[in-house]
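Notes follow once the structure below has been shown.
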Amino acid sequence: MRTDEKIRLFFPAMLSAYGPQGWWPAETPFEVVIGAILTQNTNWKNVEQAIANLKREGLLDAAALAAVADERLAEVIRPAGYYRLKAKRLKNFIRLLTDEFGGDLDALFALRTAALRERVLGVTGIGPETADSIVLYAAGRPVFVVDAYTARLFYRHGMIEGDATYEDIQSLIQGALADDVALFQECHALLVEVGKRHCKKRAAECGGCPLKKFLEEGQPVREMW
Ligand code: SF4
């Protein structure tokens, strides 16, 4: 089966196994942005705790985040881990928002998709996965989020080489799927679920995996990623 056909068939197979994942769990687009920055290198439970702290302290707001001292912000988001670094990253994003868009997230999100992605990617400490999470889940634009789970799974299925870049994988997926925000949001969340349940870093546990039928007969699962 061709790679693009496989990619298209992955989605219904994962959806029928796990159902809709309801990403991104947040009350506002601004909260999605903050969560996307805080979730780097930590699990979501820790992010929830940090966001709850921000809400309690009245800091889930661009003006409040612009005014708070770095050290105070770091303490409030401590549960998210790497809290000093993440406080700086939050401040960097807020600086872009306040200096160039009057603190108005809607004004930033009014940019065309490519320009929006470029501006968010230009914030120090925000890499492609975080930028695309913001563009897809907060701004609602059709940009696919690639992560380590996706890369590992695609590699194990022989769909990419070990030196594939973020952009290579993103182009492969976007070339196979129609530009559909809801599809991209759900498909990324489902790939993460497959990665957590079956396609683990340590080893692929293919038994019971909804994507097992897409391994070619006799195809060895690559374990090197
Ligand atoms: S666990 Fe096996 S079948 Fe499932 S995605 Fe990974 S390599 Fe494919």
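Remember, it's 1-based here, ligands and their atoms both numbered in the order they're listed. When reading the values below, keep in mind they use all heavy atoms of this one structure, side chains included, and skip hydrogens, waters and symmetry mates.
Listed here is the closest heavy atom pair of Gln40 and Thr130: NE2-OG1, 2.7 Å.
Tested against Asn92, the residues Arg95, Arg89, Lys88 include a single side chain to side chain donor-acceptor pair (under 3.5 Å) partner, Arg95.
Ring planes of Phe10 and Phe154: perpendicular class, angle over 60° (limits at 30 and 60°).
At least one donor-acceptor pair under 3.5 Å links the side chain of Asp168 to the backbone N or O of Thr165.
Residues satisfying the salt bridge (charged side-chain N to carboxylate O under 4.0 Å, His left out) test with Arg56, not counting sequence neighbours, are none.
The residues Arg78 and Glu75 are annotated as salt-bridged, a charged nitrogen and a carboxylate oxygen being separated by less than 4.0 angstrom.
Panel detail: atom 6 (Fe) of ligand 1 has protein N, O or S atoms under 2.8 Å away, 1 in number.
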